[in-house]
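Structure first, commentary second.
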Amino acid sequence: MDCIFCKIAAGQIPSEFIYQDDDFVAFNDIHPQAPTHILIIPKKHIVSIAELADDDVPLLGRMMAVAKHVAQELGLAQNGYRLIINNGPDGGQVVMHLHMHLLGGRKLPDKMK
Ligand code: 5GP
Ligand code: ZN
């Protein structure tokens, strides 16, 4: 499959993993928007939240747990951080493989609601 994040997850594109387990990998965003900007992705190719199958819902819970773990390991837990999942064109999703942004290390700008 011609998916950049599948290739990263499969090790076909050399990447430094900040975290990995059977189901997820985490790595630095190529265009960081904050001192810490990590992408957490399922190894399984899921296009987006909109395409999420009911069977994959528990995976999202585990993705949150991975985010919590990585943030803790990087010392972000006390000052805080932001988790973002963009979905579809209006949401600004560019890479069509589900991913969560973990941003921190500075006071982030006010967010859209
Ligand atoms: P989206 O807008 O789809 O939520 O975010 C996609 C993110 O993936 C962007 O922040 C972009 O900088 C990052 N990105 C795109 N291609 C690559 C890549 O090949 N390697 C890494 N590490 N990040 C990428
Ligand atoms: Zn993929």
Side-chain angles (χ1 to χ4, degrees):
M1 186 183 303
D2 195 22
C3 168
I4 188 95
F5 283 3
C6 278
K7 287 179 180 162
I8 289 174
Q12 290 166 7
I13 297 173
S15 309
E16 187 192 337
F17 292 144
I18 289 151
Y19 173 89
Q20 59 179 319
D21 64 24
D22 285 349
D23 296 320
F24 300 95
V25 296
F27 50 90
N28 285 314
D29 195 291
I30 204 167
H31 292 127
Q33 306 296 314
T36 298
H37 186 172
I38 291 166
L39 300 172
I40 301 167
I41 70 168
K43 291 180 176 175
K44 179 177 180 181
H45 183 80
I46 297 168
V47 171
S48 68
I49 293 288
E51 305 261 340
L52 195 68
D54 288 349
D55 285 351
D56 289 327
V57 168
L59 198 68
L60 278 196
R62 299 214 300 282
M63 192 157 77
M64 288 292 174
V66 169
K68 175 186 170 177
H69 171 79
V70 170
Q72 181 85 42
E73 290 286 303
L74 296 178
L76 298 174
Q78 187 169 352
N79 281 354
Y81 50 90
R82 187 172 294 168
L83 302 174
I84 298 174
I85 300 176
N86 296 321
N87 189 90
D90 279 4
Q93 184 179 8
V94 175
V95 177
M96 299 311 285
H97 178 130
L98 180 64
H99 53 279
M100 185 157 62
H101 299 256
L102 166 57
L103 295 147
R106 70 172 166 91
K107 180 85 172 78
L108 296 167
D110 284 350
K111 51 202 171 285
M112 300 289 293
K113 291 187 176 152

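Numbering of ligands and ligand atoms starts at 1, following listing order. All of these numbers come straight from a predicted model, not from anything done at the bench.
The Zn ion (ligand 2) has C3 SG, C6 SG, H45 ND1, H97 ND1 as its protein N, O or S neighbours under 2.8 Å.
Here H99 and H97 keep their ring centres 6.0 angstrom or further from each other. Ring-centre distance between F17 and F24: not below the 6.0 Å cut-off.
Atom CG of L98 and atom CG of L52 lie 7.0 Å apart (nearest 0.5 Å). Atom CG of D29 is separated from atom CG of L39 by 4.0 Å, given to the nearest 0.5 angstrom. Note that the CE atom of M100 and the CD1 atom of I38 stand 11.0 Å from one another [nearest 0.5 Å].
The two atoms that bring S15 and I8 nearest to each other are OG-CG2, 3.5 Å, heavy atoms only.
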| task | Verify salt bridge (charged side-chain N to carboxylate O under 4.0 Å, His left out) between D21 and R62, making sure each step is shown before the conclusion. | result | CA-CA 11 Å; D21 64 24; R62 299 214 300 282; over 6 Å; no
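Salt-bridge check for K43 with D22: failed, with every basic side-chain N at 4.0 Å or more from each acidic carboxylate O. The existence of a salt bridge linking K44 and D56 is confirmed by a sub-4.0 Å separation between a basic side-chain nitrogen and an acidic carboxylate oxygen.
Protein residues lining ligand 1, listed by chain and number: I4, F5, I8, F27, N28, D29, I30, H31, L39, N86, G92, Q93, V94, V95, H99, H101 [non-hydrogen atoms, distance under 4.0 Å].
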